[in-house]
Amino acid sequence: MEEGARARELDVAVRVVQMACSLCQRVQSGLVGRNREQIKVKEDDSPVTVADWGVQAVVSLLLSECFGSENVSILAEEDAHTLSRKDATTLLESVISTVNECLSEAPKYGLKCPLKHLGAQEILDAINSCNSSGGSKGRFWVLDPVDGTLGFVRGDQYAVALALIEDGEVILGVLGCPNYPMRKEWLNYHHRYYRLMTTLSPPSGSWHKGCVMYACKGSGEAWMQPLVHDFGVYDQQSSARMIHVSSISDPAFATFCEPVEKANSSHSFTAGLAHSVGLRKQPLRVHSMVKYAAIARGDAEIFMKFARAGYKEKIWDHAAGIARDHVICPARLDSFQFGS
Ligand SMILES: Nc1ncnc2c1ncn2[C@@H]1O[C@H](COP(=O)(O)OS(=O)(=O)O)[C@@H](OP(=O)(O)O)[C@H]1O
Ligand SMILES: [Mg+2]
Ligand SMILES: [Mg+2]
Ligand SMILES: [Mg+2]
């Protein structure tokens, strides 16, 4: 793949994730405390919301619009089975209005918006088309439309995670982290706490939370830019800031991050392992691939997740966080078990 084409793929991916973050912020602000009918529980007891489906539809439609649907293969977490049921009409109507509202803002991100209002079938098809079989040969996009949906419905941390894989290797990763605090020490607090802090003393127009991080294989660089939703101006160059992993190498000063939910990773096992290797600081427990973002930005040094026996890790829960140059977990993705 020549360099110019990859630069364009990264540019489009960042713009698309920026739009997806804006959709999530709108839905999340309407979710906390009310509007609970916008949340469903899936067969595996994990939550799924209007934002999960909405982001998957928006990303699928925009990537196809930009690169041609015949050139786009996407492997994503959600499907439209629940949305297609007769008892889900209200939910489907919420997804339709959320998607059309988001797409109408595409020109603000330098992208084309559809010429007409999209109906139910177009949106259900867009969601269901993200069913690539992936694999260790060929190119496909990997999307977790909302990673950390549990954190999302709690008004806390979550991420929009988009990666492009070629022959089993991540060649670009984009992580949208709308609630990521610019001050490292606030990462340990629940989002509402530092949202209060920043409203009490609103630094005028300052960049106090929310970002999109991105890296391209072989570039040796990782970048972070503010959310357009909060600043209203999309200019990738002027607002972007290069980020670096931590230089801490002494375990006594290193921070490891791990899932919030004990059901998702054994806290006691990691505590014992951490102590045995000389880690002394309290773990950073935060929902979603924001853990990868914390390492990419140097706010943490290690990521540990030990899921219970039998759990198959999903490629969309990790791909966007693995950028070869900022090695966090240099696993070749074809070694991951694809989710059922
Ligand atoms: N049992 C189990 N073990 C490991 N991982 C699981 C498990 N169940 C679910 N998941 C998926 O992991 C995603 C959440 O990972 P997190 O690290 O954010 O977990 S936590 O919310 O911080 O506890 C989260 O991804 P999203 O569904 O995209 O939110 C889960 O699907
Ligand atoms: Mg999920
Ligand atoms: Mg996930
Ligand atoms: Mg998800």
Side-chain angles (χ1 to χ4, degrees), residues 17 20-21 23-24 27-28 31 38-56 59 74-83 95 127 130 134 141-163 173-180 187-191 255-271 282-296 300 302-322 328-329 333 336-340:
V17 168
C21 288
L23 182 153
C24 290
V27 173
Q28 188 179 47
L31 269 191
Q38 296 210 340
I39 304 170
K40 277 286 184 193
V41 177
K42 295 196 284 190
E43 292 80 27
D44 65 359
D45 285 339
S46 64
V48 57
T49 72
V50 164
D52 298 74
W53 284 307
V55 165
Q56 188 157 321
V59 172
I74 303 174
L75 169 56
E77 176 180 2
E78 308 304 346
D79 63 46
H81 174 69
T82 304
L83 271 184
V95 172
I127 294 168
C130 301
W141 295 88
V142 177
L143 172 68
D144 193 336
V146 177
D147 182 51
T149 304
L150 207 51
F152 178 77
V153 299
R154 291 174 176 170
D156 204 335
Q157 295 295 340
Y158 66 96
V160 176
L162 179 62
V174 184
L175 274 181
C177 308
N179 286 335
Y180 196 109
L187 252 183
N188 272 303
Y189 296 107
H190 185 281
H191 164 66
T255 300
F256 76 92
C257 35
E258 66 176 349
V260 169
E261 299 296 305
K262 291 190 183 70
N264 289 359
S265 183
S266 167
H267 288 174
S268 53
F269 180 79
T270 47
Q282 282 306 304
L284 171 63
R285 289 190 183 133
V286 64
H287 291 286
S288 80
M289 292 169 78
V290 159
K291 293 184 268 302
Y292 283 113
I295 290 177
I302 299 163
F303 172 14
M304 289 203 273
K305 176 175 186 178
F306 295 92
R308 67 179 182 280
Y311 178 76
K312 275 187 185 177
E313 283 298 342
K314 307 299 186 299
I315 191 170
W316 51 72
D317 279 330
H318 299 280
I322 298 172
I328 292 169
C329 168
L333 287 168
F336 273 92
Q337 299 285 336
F338 289 161
S340 48

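Atoms within each ligand, like the ligands themselves, are counted from 1 in listed order. Values below: every heavy atom of this structure, side chains too, minus hydrogens, waters and symmetry copies.
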- So is Gly148 in contact with ligand 1, going by heavy-atom distances below 4.0 Å? yes

- Message: Within the 4.0 Å heavy-atom shell around Thr149, which atoms of ligand 1 are there?
- Response: 29 (O)

- With heavy atoms of Ala263 as the reference, note each atom of ligand 1 found under 4.0 Å away. 1 (N)

- Item | Distance filter under 2.8 Å, centred on the Mg ion (ligand 3) - protein N, O or S atoms that pass it | Asp144 OD2, Asp147 OD1, Asp317 OD1

- Task: State, to 0.1 Å, how close Ala20 and Val160 come at their nearest heavy-atom pair, and which atoms those are.
- Result: CB-CG1, 3.8 Å

- Message: Any salt bridge linking Arg285 with Glu261? Criterion: basic side-chain nitrogen under 4.0 Å from a carboxylate oxygen.
- Response: no

- For Tyr292 and Gly321, which heavy atoms make the closest approach, and how far apart are they? CD2-O, 3.4 Å

- Relative to ligand 1, is Glu77 under 4.0 angstrom through side chain, backbone, both or neither, heavy atoms considered? side chain

- Task: Considering only non-hydrogen protein atoms, determine which one is nearest to atom 30 (C) of ligand 1 and report residue, atom name and distance to 0.1 Å.
- Result: Asp317 OD2, 4.3 Å

- Message: Taking 4.0 Å as the limit for heavy-atom contacts, which would you say applies to Pro259 with ligand 1: side chain only, backbone only, both, or neither?
- Response: both

- What are the two closest heavy atoms between Leu175 and Val17, and how far apart are they? C-CG1, 4.4 Å

- Note on the structure: The option among Gln157, Glu258, Glu261 carrying the non-hydrogen atom nearest to atom 23 (O) of ligand 1 is Glu261

- For ligand 1, indicate whether the residue Asp44 contacts it via side chain, backbone, both or neither (heavy-atom separation under 4.0 Å). neither

- Are a donor atom and an acceptor atom from the side chains of Ser288 and Gln157 found within less than 3.5 Å of each other? no

- When every non-hydrogen atom of Glu77 is compared with those of Gln56, the smallest separation belongs to N-OE1, 3.9 Å

- Task: Ignoring hydrogens and angles, tell me if any N or O in the side chain of Trp316 forms a donor-acceptor pair with the backbone of Ala161 under 3.5 Å.
- Result: no

- Item | Any N/O pair Ser288/ligand 1 closer than 3.5 Å | yes

- The protein heavy atom nearest to atom 7 (C) of ligand 1 is Asn264 OD1, 3.2 Å

- Around atom 21 (O) of ligand 1, find the nearest protein heavy atom and jot down its residue, atom name and distance. His287 ND1, 2.7 Å

- Gln28-Asn179 side chain donor-acceptor pair, cut-off 3.5 Å: yes

- Query: What do you reckon, does Leu150 have a nitrogen or oxygen under 3.5 Å from a nitrogen or oxygen of ligand 1?
  - Reply: no

- Task: Could you tell me if any non-hydrogen atom of Val146 lies under 4.0 Å from any atom of ligand 1?
- Result: yes

- Taking atom CG of Asp156 and atom NE2 of His287, what is their separation to the nearest 0.5 Å? 5.0 Å

- Task: With atom 20 (S) of ligand 1 as the reference point, say which of Val290, Asp52, Val260 has the nearest heavy atom.
- Result: Val260

- Item | Shortest protein contact, atom 1 (N) of ligand 1 (heavy atom only) | Arg308 NH1, 2.5 Å

- Task: Taking Ser46 for its side chain and Lys42 for its backbone only, find out whether a donor-acceptor pair lies under 3.5 Å.
- Result: no

- Item | Nitrogen or oxygen of Lys291 less than 3.5 angstrom from that of ligand 1 | yes

- Minimum heavy-atom distance between Ala300 and Leu284, given as atom pair plus value: CB-CD2, 4.4 Å

- Kindly compute the distance separating OG1 (Thr270) from CD (Glu258), expressed to the nearest 0.5 Å. 3.5 Å

- Task: Output yes when a side-chain donor or acceptor of Lys314 lies under 3.5 Å from a complementary backbone atom of Lys312, and no otherwise.
- Result: yes

- Would you kindly specify which portion of Ser265 sits under 4.0 Å from ligand 1, judged on non-hydrogen atoms: side chain, backbone, both or neither? neither

- Item | Protein contact of atom 10 (N) of ligand 1 - nearest heavy atom, named by residue and atom, plus distance | Tyr311 OH, 3.3 Å

- Item | Protein heavy atom at shortest distance from atom 12 (O) of ligand 1 | Lys305 NZ, 3.4 Å

- Query: Can the ring centres of Phe256 and Phe303 be said to be less than 6.0 Å apart?
  - Reply: no

- Item | Sole candidate of Asp52, Thr49, Val146 that passes side chain to side chain contact (heavy atoms under 4.5 Å, CB included) when paired with Glu78 | Asp52

- Return the minimal non-hydrogen interatomic distance between Pro47 and Ile39, and the atom names on each side. CB-CG2, 4.2 Å

- Query: Taking heavy atoms and a distance under 4.0 Å, where does Asp144 meet ligand 1: side chain, backbone, both or neither?
  - Reply: side chain

